[in-house]
Amino acid sequence: MYRTHTCGELNAANINEEVTLCGWIQKIRKLGGMTFIDLRDRYGITQLAFNSEINPDICKQIEPFGREWVIRATGKVTERYSKNKNIPTGDIEILVTNIEVLNPSQVPPFTIEDESDGGDELRLKYRYLDLRRNPLKNNLLFRHKLSIEIRNYMNELGFMEIETPMLINSTPEGARDFVVPSRVNPGEFYALPQSPQTFKQLLMMAGYDRYFQIVKCFRDEDLRADRQPEFTQVDCEMSFVEQEDVLQTFEGLIRHIFKKIKNIDLPKVERITWADAMRYYGSDKPDARFGMKFVELNDVLKHRDFKVFNEAELVVGIVAKGCANYSRKQLDGLTDFVRRPQIGASGLVHITCNQDGTFKSSVDKFYNADDLKAVAEKCGAEAGDLILIMAGQKLKTQKQLCELRLEMGNRLGLRKAGEYKVLWVIDFPLLEWDEETQRYYAMHHPFTAPKPEHEAMLESNPGEVNANAYDLVINGNEIGGGSIRIHDRKLQQRMFKVLGLSEEETERKFSCLLNAFQYGCPPHGGLAFGFDRLCAILSDCDSIRDFIAFPKNNAARDTMCNAPSIISQEQLDELRIELKK
RNA sequence: GGUCCGGUAGUUCAGUUUGGUUAGAAUACAUGCCUGUCACGCAUGGGGUCGCGAGUUCGAGCCUCGUCCGGACCGCCA
């Protein structure tokens with residue numbers, strides 16, 4: 001046998017056994033006559049012991065050994081003189097009688113330890129070394145377990161995992177497509193899927209009424225800590241369902257995951273309409289771990305001479321509990337925070353609710369004590385609280401106050417790690433007006449069905465049409481989203497028309513789906529979860545990179561493999577591609 | 001496309017405010033000592049194009065401009 005055990009499994013029960021272990025040298029400790037080597041593999045660390053009196057030849061042999069050498073060691077399991085309570089194998093060590101170098105190693109560019117000394121850039125370049133470290137190993141193990149639990153649950157409910165193609169037709173309605181040139185069809189291109197959307201709908205038409213797939217998706221957009229150009233979705237679709245069926249099914253999946261992975265019994269997932277989410281949190285993905293809900297103040301603050309409020313579409317505030325003692329400097333700091341270009345507010349009004357029942361505000365010039373009292377009452381603010389108010393154009397102000405709310409949540413320690421608040425955000429608008437291109441875009445995607453009662457005003461009042469679309473939000477992160485789909489050819493054609501697509505365009509991009517609608521399409525709907533994000537959020541991490549074995553950097557590069565890269569003239573010629581000078 | 005932050009030893013950083021002798025620390029690495037370590041200890045040593053280019057200056061790691069690279073964010077992400 002090449003090896004008899006792994007480095008994580010031996011304990012006092014194995015004492016006196018003759019074993020052979022393989023692994024990487026984590027650490028060598030030389031103490032004169034005694035030498036200890038920590039031998040590491042995926043499963044743990046086992047200490048190898050060498051005694052120069054008992055076995056001088058082997059001590060001589062291991063003298064040149066260094067970190068990360070791969071070795072095979074044979075010896076007897078013995079009880080340690082001094083035990084290490086910190087590791088499972090800490091009661092024993094191997095008194096080595098034979099050792100073999102399987103491969104030496106250069107000194108690695110950073111330390112392979114739980115707390116590495118290497119920076120992000122370097123560790124990405126040597127990802128295969130970084131992956132040897134426990135934190136990343138545990139992340140990948142976590143990801144593996146999560147995928148197994150998802151597959152188990154979906155399988156139990158009769159969902160079939162079916163693979164869909166990676167080389168498909170380009171339909172850049174949403175994100176930009178990654179394109180792949182076709183050699184066999186010169187001048188033509190495939191696209192990599194942004195999601196298997198049309199294919200899963202076609203599977204519904206084919207009669208596979210419960211489908212899922214853990215699948216790579218591709219979007220050629222700029223990266224973030226929680227966005228990679230290639231990422232993984234848990235993609236699902238069901239036939240003969242309405243919204244409630246989908247919500248129930250996948251609420252079940254989420255509860256199963258929390259129970260199995262985190263041992264948390266999740267309470268019933270609360271639902272909030274998109275309109276309320278915007279109204280109370282200024283966001284369609286609210287972090288509901290804490291309150292601090294928005295209070296609209298138009299009616300109590302627009303009756304005096306203060307132009308900023310009077311001209312604003314929305315005057316809205318939040319209450320920061322117990323923050324009345326904020327210093328001038330802290331308040332200025334908050335004003336600076338909302339004035340940063342990323343947020344872009346022009347200012348921030350505060351009202352301090354003093355302990356003695358009086359009020360102090362940054363707009364005392366315009367409002368008397370009764371006015372401020374009315375505001376405090378409306379907000380439910382008490383003595384000792386601080387009211388923060390912003391005003392301006394509705395959507396913009398909501399977004400800005402949302403940022404401030406999250407910031408205050410951070411400062412007050414209200415966004416606790418290990419605490420999870422899961423929400424369904426429902427009743428999304430079907431369409432979203434874009435000023436720049438002067439047209440409507442589908443808020444979810446163009447296959448989303450309008451609510452039946454709103455269908456009639458699709459053309460007459462498109463902005464007011466709501467959809468049977470829903471997002472799953474955990475702690476302010478959009479983890480999943482889906483909808484009931486259009487399954488009627490005429491309605492789909494109307495939808496494309498509202499989106500401003502010409503008949504020619506519709507035909508070129510979506511003829512396959514439209515044709516299929518004519519051959520017996522069942523009502524259907526589904527959703528997709530961001531698998532990488534789910535891994536990160538369940539581990540209280542911000543970055544999905546730590547859960548992807550080989551991620552891209554900020555500039556969408558793989559610095560380890562040096563991708564993307566230029567290709568040879570021969571390759572270009574074969575593809576009939578000429579590069580612009 | 002934009003905003004902000006960073007780039008100094010193998011690595012992580014300090015030094016830049018106020019330009020001035022031989023650019024420091026920790027860690028890693030090497031050598032020696034050490035028989036119970038497990039963050040081993042002690043001693044010694046090697047290791048630098050201060051990202052790159054130009055400018056200002058008697059003099060630039062430090063100031064100015066440009067450029068490249070990395071990170072966070074805005075736009076973007078149906």
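We use all heavy atoms of the structure for the numbers below, so side chains are in, but hydrogens, waters and symmetry mates are not. Chain A is the first sequence line, chain B the second, and so forth, proteins listed ahead of strands; every chain is numbered from 1.
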TODO: Salt-bridge test for A/Asp427 and A/Lys451: reply yes if a basic N is under 4.0 Å from a carboxylate O, no otherwise.
DONE: yes
Task: Nucleotide nearest A/Val107 when distance is taken to its side chain, options B/G36, B/C29, B/C69 - done: B/C29
- [ ] Would you mind pulling out the nucleotide paired to B/C29, Watson-Crick or G-U wobble, both distances under 3.5 Å?
- [x] B/G45
TODO: For A/Ser195, report the nucleic acid contact type (base, sugar-phosphate, nothing); a contact means any heavy atom under 4.0 Å.
DONE: base
- [ ] Check whether any side-chain N or O of A/Asp488 sits under 3.5 Å from a backbone N or O of A/Lys490 as a donor-acceptor pair, and report yes or no.
- [x] yes
Task: Whole-Å P distance, B/A72 and B/G53 - done: 28 Å
- [ ] Please determine if a side-chain N or O atom of A/Asn86 lies less than 4.0 Å away from the OP1 or OP2 oxygen of B/C38.
- [x] no
- [ ] State whether A/Asp38 and A/Arg29 are salt-bridged, where the test is any N-O pair (Lys NZ or Arg NE/NH1/NH2 against Asp/Glu carboxylate O) under 4.0 Å.
- [x] yes
- [ ] Ignoring backbone atoms, establish whether A/Arg29 has a side-chain N or O less than 4.0 Å from OP1 or OP2 of B/U35.
- [x] no
Task: B/C50 to B/U8 separation - C1' atoms, rounded to the nearest Å - done: 4 Å
Task: SB check A/Glu68 A/Arg40 (cutoff 4.0 Å) - done: yes
Open item on the list: Side chain of A/Asp222 only, heavy atoms from C-beta on: which candidate in B/C76, B/C38, B/G36 is closest?
Closed with: B/C76
TODO: Using a 4.0 Å heavy-atom cut-off across all strands, classify A/Arg123 as base, sugar-phosphate, or nothing.
DONE: nothing
Task: base_contact_polar (B/C29 base, A/Arg67 side chain, donor-acceptor, <3.5 Å) - done: no
TODO: Would you classify A/Glu93 as touching base, sugar-phosphate or nothing, given that sugar-phosphate means primed atoms plus P, OP1 and OP2, and contacts are heavy atoms under 4.0 Å?
DONE: base
Open item on the list: Students often get this wrong, so: under 4.0 angstrom with heavy atoms, is A/Lys30 touching a base, only sugar-phosphate, or nothing?
Closed with: base
Task: Candidates B/C38, B/A28, B/A72 - which lies nearest the side chain of A/Arg545 - done: B/A72
Task: Atom pair distance, as rounded to whole Å: CD1 in A/Ile87 and P in B/A39 - done: 9 Å
- [ ] Please work out if A/Ala225 contacts a base, only the sugar-phosphate, or nothing of the nucleic acid, heavy-atom cut-off 4.0 Å.
- [x] sugar-phosphate
- [ ] Return yes if the base of B/G75 and the side-chain atoms of A/Glu436 contain a donor-acceptor N/O pair under 3.5 Å, otherwise no.
- [x] no
- [ ] Taking only the side-chain nitrogens and oxygens of A/Lys399, find out if one of them lies under 4.0 Å from OP1 or OP2 of B/G75.
- [x] yes
Task: Between P of B/C29 and NZ of A/Lys27, the distance in whole Å - done: 7 Å
TODO: Compare the minimum distances between each of B/U37, B/G70, B/G75 and the side chain of A/Leu31, then state the nucleotide with the smallest one.
DONE: B/U37
Open item on the list: Please tell me if A/Asn554 has a side-chain N or O lying less than 4.0 Å from either OP1 or OP2 of B/A72.
Closed with: yes
- [ ] May I ask you to check whether A/Asn14 and A/Glu17 show a side-chain donor-acceptor distance below 3.5 Å?
- [x] yes
- [ ] Looking at every strand, decide which applies to A/Gln47 at a 4.0 Å heavy-atom threshold: base, sugar-phosphate, or nothing.
- [x] base
Open item on the list: Both A/Ile54 and A/His445 contact RNA chain B. Taking the nearest nucleotide for each, which residue is further toward the 5' end?
Closed with: A/Ile54
- [ ] Give the nucleotide from the list B/C69, B/G10, B/G36 with an atom nearest to the side chain of A/Pro109.
- [x] B/G10
Task: Any A/Phe218 side-chain heavy atom under 4.5 Å of A/Pro193 side chain - done: yes
TODO: Considering just the side-chain nitrogens and oxygens of A/Lys125, establish if one lies under 4.0 Å of OP1 or OP2 belonging to B/G70.
DONE: no
Open item on the list: Both distances below 3.5 Å, Watson-Crick or wobble geometry, any strand: find the nucleotide opposite B/C76.
Closed with: none
Task: Identity of whatever pairs with B/C4 - Watson-Crick or G-U, under 3.5 angstrom - done: B/G71
Task: Base partner of B/U64, which must satisfy Watson-Crick or wobble distances under 3.5 Å - done: B/A54
TODO: Tell me the partner of B/A9, counting only Watson-Crick (N1-N3 plus N6-O4 or O6-N4) or G-U wobble (N1-O2 and O6-N3) with both under 3.5 Å; none if nothing fits.
DONE: none
TODO: Pick base, sugar-phosphate or nothing for A/Asp120, based on heavy-atom distances below 4.0 Å to the nucleic acid.
DONE: nothing
Open item on the list: Do A/Arg132 and A/Tyr128 form a cation-pi contact, if we require the NZ or CZ to be under 6.0 Å from the six-membered ring centre and within 45 degrees of the ring's axis?
Closed with: no
Task: N/O donor-acceptor pair under 3.5 Å between A/Asn139 side chain and A/Asp546 backbone - done: yes
- [ ] Using only side-chain N and O atoms of A/Arg224, determine if any of them is under 4.0 Å from OP1 or OP2 of B/C74.
- [x] yes
- [ ] State whether the distance check finds a donor on one side and an acceptor on the other, under 3.5 Å, for side chain A/Asp117 versus base B/G10.
- [x] yes
TODO: Identify, between A/Arg227 and A/Asn51, the residue whose nearest nucleotide on RNA chain B lies closer to the 5' end.
DONE: A/Asn51
Open item on the list: Categorize A/Glu53 for me: base, sugar-phosphate, or nothing, with a 4.0 angstrom heavy-atom threshold over every strand shown.
Closed with: base
TODO: Have a look at A/Arg80 and say if it touches a base, only the backbone sugar-phosphate, or nothing, with a 4.0 Å heavy-atom cut-off.
DONE: base
Open item on the list: Please pick, from B/G75, B/G70, B/U37, the nucleotide with the shortest atom-to-atom distance to any side-chain atom of A/Phe36.
Closed with: B/U37
Open item on the list: Can you tell me the base-pairing partner of B/C38? Count Watson-Crick or G-U wobble geometry only, both distances below 3.5 Å, and say none if there is no partner.
Closed with: none
Open item on the list: Check the phosphate of B/C76 against A/Arg219, side-chain N and O only, distance under 4.0 Å to OP1 or OP2. Yes or no?
Closed with: no
- [ ] From the options B/U37, B/U11, B/A39, select the nucleotide whose nearest atom is closest to the side chain of A/Leu122.
- [x] B/U11
Open item on the list: Nearest whole Å is fine: how far is B/C77 P from A/Glu221 CD?
Closed with: 6 Å
